[in-house]
Amino acid sequence: MSADDPMLTSHQRRGADLPPVVVYEEVRKLFGDFVALDGVSIQVNQGEVMCLIGPSGSGKSTLLRCTNALEVVSSGRVIFEGKPLPSNETEARKIRQRMGMVFQNFELFPHKSTLDNVAIGPITVLGMKEGDARARAMKLLDKVGLTDKAGSFPSSLSGGQQQRVAIARALAMEPDVMLFDEPTSALDPETIGEVLNVMKQLAEEGMTMIVVTHEMTFARRVANWVVVFDHGKVVEQGPPEQIFDAPTCDRTRDFLGHLGWNG
Amino acid sequence: MTLDWSIVWESRYALAEGAKLTVMLTVITMLIAIPAGIVLAVMRLSKSRVLSTSSMCFVEFFRNLPLLLVVYWAFYVMPVFMGIEFSAFTTGLVALSLNVSAYNSETFRAGINSIRKGQTEAAIALGMSRGEAMRKIVIPQAWRRVLPVLASTWVSLFKDTSLVSVIAVGELAHVAMQIRSQTFRVLEMLTAMAVIYWLMGYPQAKLVDWIRKKYEVKE
C-alpha cells in the first residue's frame with residue numbers, strides 16, 4: 001500500500017495541501033546480505049507527526065537513519081524539501097543541520113554541562129557567538145523545564161531529564177524536522193511521561209516529527225499518521241484511528257495483539 | 001671496605017645538572033609524543049588505507065624494538081642512512097620520542113575506541129564534520145580516559161631516559177657513571193644514583209595514583 005492509495009484520501013492527512021517535507025521513494029538498504037529496508041515508499045507532510053511502529057528489526061530505525069544520511073541508502077531515494085539527499089558529505093552536513101535527531105540512549109556529551117550540550121551545535125556548526133548560543137540554549141532548557149540543571153553534567157541527571165536535554169540540543173539548530181529514534185525505550189517507566197509531554201508540546205507547535213516508537217498510546221494520541229513496518233516493508237499506513245481501531249492488515253493486528261493493545 | 005660518601009656531596013653540582021637533563025628529556029619527549037601519538041592514532045583509525053597502514057607500520061616497528069637498540073640506531077645508523085646528524089641530546093630525544101609516540105598512539109587508539117559510536121553519530125547528526133566530532137566530542141572524552149595510562153607511561157619514560165646515557169647524553173645516569181669510573185667509587189655512586197632517581201620518581205608515581213583515582217571512569 002502506498003501513500004497515493006485511493007483508500008487513503010488526501011484530505012485525511014495534515015499538510016496534504018503543502019509540499020511534503022520528506023519523501024522516501026523505493027528505499028532499499030542492505031547490510032551485507034541482510035535486507036533492512038525492502039522498497040519503502042512513504043511521505044511525511046509538513047507539520048505532521050508520523051509514528052513508525054513495528055517489531056524490532058523491522059527497519060524503522062534504519063529508515064530514520066537514512067533520513068539524515070547517517071546511513072546511505074543502497075537504492076531508491078530520500079527526498080528532503082524537494083531535493084534528493086546529496087551523496088557528498090559536505091552537502092549532507094548542511095542537510096543534517098536542518099534535521100534534529102534524538103537517540104534512544106540520549107548520547108549527551110558527558111564532558112559538557114547541560115547548557116553547553118545544547119549550545120555546542122550552534123557554536124560549532126553555525127558559528128554562532130558563545131553568548132548568543134548560550135542564551136538560545138537557556139530558552140530551550142526553559143522550554144523542556146530544565147533551567148535549574150543548566151550547570152549540571154549529564155551524569156547527574158535522570159534518564160528523562162537527559163532525554164529532554166537531548167531534545168533541546170536538537171532544537172537548538174532550529175530544524176525543519178525532528179527525528180526521534182525510540183526516545184523512551186531506555187527510560188525508567190516513571191520518566192517516560194515527561195519526555196512524551198515535551199514531544200506532545202512540540203507536535204502541538206506544528207513541528208514536523210518522525211518518531212520510531214513502541215509507545216502505542218503516544219502514537220494513538222499524538223500521531224497524525226502511523227506506518228507499520230515488518231521485515232523491511234511497510235505493511236500498512238494510515239491515520240491512527242485506522243491503525244489502532246480498524247487495522248486492515250493481519251500483520252498489524254498480530255503486532256498490536258502481541259503488545260496487548262486493545263484500544 | 002671503606003666507604004667514602006663525600007664523593008657524592010662533592011659531585012652534587014654535576015649530579016644536579018644530570019638530573020636537570022633527565023627531567024628535560026622526559027618533559028620534551030612527552031611534549032612531542034603526545035601530539036604525535038594523537039596524530040598516529042587518528043591516522044590509524046582513518047578510512048584511508050595508506051594512512052592507517054603507515055601508522056600501523058610505524059607503531060608496530062618502534063613498539064617492538066628494544067629502546068636501547070633504537071637509541072643506538074638513532075646515533076649510529078640514522079646519520080649514515082638519512083644524512084641527519086644531531087647532538088647527542090637531540091639524538092636521544094629522537095629515539096625516546098619515536099618509542100613513546102608509538103606507545104601513546106596505542107593508548108589514544110584504545111581511548112578513542114572506548115568512546116561509544118553513538119557519541120560521534122550525535123555530533124554528526126548536529127551537522128558537525130567527522131573532524132569536528134573527533135576534536136570536540138571524542139578526543140576530549142578519550143583524553144580523560146587515557147590520562148592515567150599516559151601518567152604511567154610518563155613514569156616509565158622518566159626511568160628509561162637513563163638508556164640514552166649509552167650515547168653520552170649527560171643526563172643523571174651518564175653523569176653518575178662517569179664519576180664512578182673516574183673515582184672508582186662504584187658503590188657510593190650507584191647508591192646515590194638510585195636514591196636520586198627514587199626521590200624524583202616516587203612523587204611522580206604518587207601523582208599517577210592520584211590521577212588514576214580522580215579520572216577513573218565510573219559507569
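Order of the sequence lines fixes the chain letters, A, B, ..., with proteins taken first and strands second; residue numbering starts at 1 for each chain. Note: hydrogens, waters and symmetry copies are ignored here, and every other heavy atom, side chains too, is used.
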- Message: Distance check, rounded to the nearest 0.5 Å: L25(B) atom CG versus L172(B) atom CG?
- Response: 11.0 Å
Donor-acceptor pairs, chain B vs chain A, cutoff 3.5 Å:
from: R116(B); atom 1: NE; to: E107(A); atom 2: OE1; distance (Å): 3.4
from: R116(B); atom 1: NE; to: E107(A); atom 2: OE2; distance (Å): 3.3
from: R116(B); atom 1: NH2; to: E107(A); atom 2: OE1; distance (Å): 3.0
from: Q119(B); atom 1: N; to: E107(A); atom 2: OE1; distance (Å): 3.4
from: Q119(B); atom 1: NE2; to: E107(A); atom 2: OE1; distance (Å): 3.1
from: Q119(B); atom 1: NE2; to: L108(A); atom 2: O; distance (Å): 2.9
from: E121(B); atom 1: OE1; to: R65(A); atom 2: NH1; distance (Å): 2.9
from: E121(B); atom 1: OE2; to: R65(A); atom 2: NH1; distance (Å): 3.4
from: E121(B); atom 1: OE2; to: R65(A); atom 2: NH2; distance (Å): 2.6
from: K136(B); atom 1: O; to: H111(A); atom 2: NE2; distance (Å): 3.0

- Message: Which atoms of I95(A) are under 4.5 Å from chain B, going by heavy atoms: the side chain, the backbone, both sets, or neither?
- Response: neither
- Message: Parallel, tilted or perpendicular: which one describes the rings of F58(B) and F62(B), with boundaries at 30° and 60°?
- Response: tilted
- Message: Is any side-chain heavy atom of T91(B) closer than 4.5 Å to one of I167(B)?
- Response: yes
- Message: In the structure I gave you, are the side-chain heavy atoms of M199(A) and V211(A) within less than 4.5 Å of one another anywhere?
- Response: yes
- Item | Heavy-atom contact with chain B under 4.5 Å, split by part of F103(A) | side chain
- Message: What verdict does the side-chain hydrogen bond (donor to acceptor under 3.5 Å, both in side chains) test give for T90(B) and S87(B), after you've listed the backbone C-alpha separation in whole Å, the side-chain angles of each residue and the deciding distance to 0.1 Å?
- Response: CA-CA 5 Å; T90(B) 312; S87(B) 66; 2.9 Å; yes
- side chain to side chain contact (heavy atoms under 4.5 Å, CB included) against T29(B), all qualifying residues, sequence neighbours excluded: L93(B), L96(B), S97(B), V100(B), L157(B)
- Is the closest side-chain heavy-atom distance between L64(A) and F180(A) below 4.5 Å? no
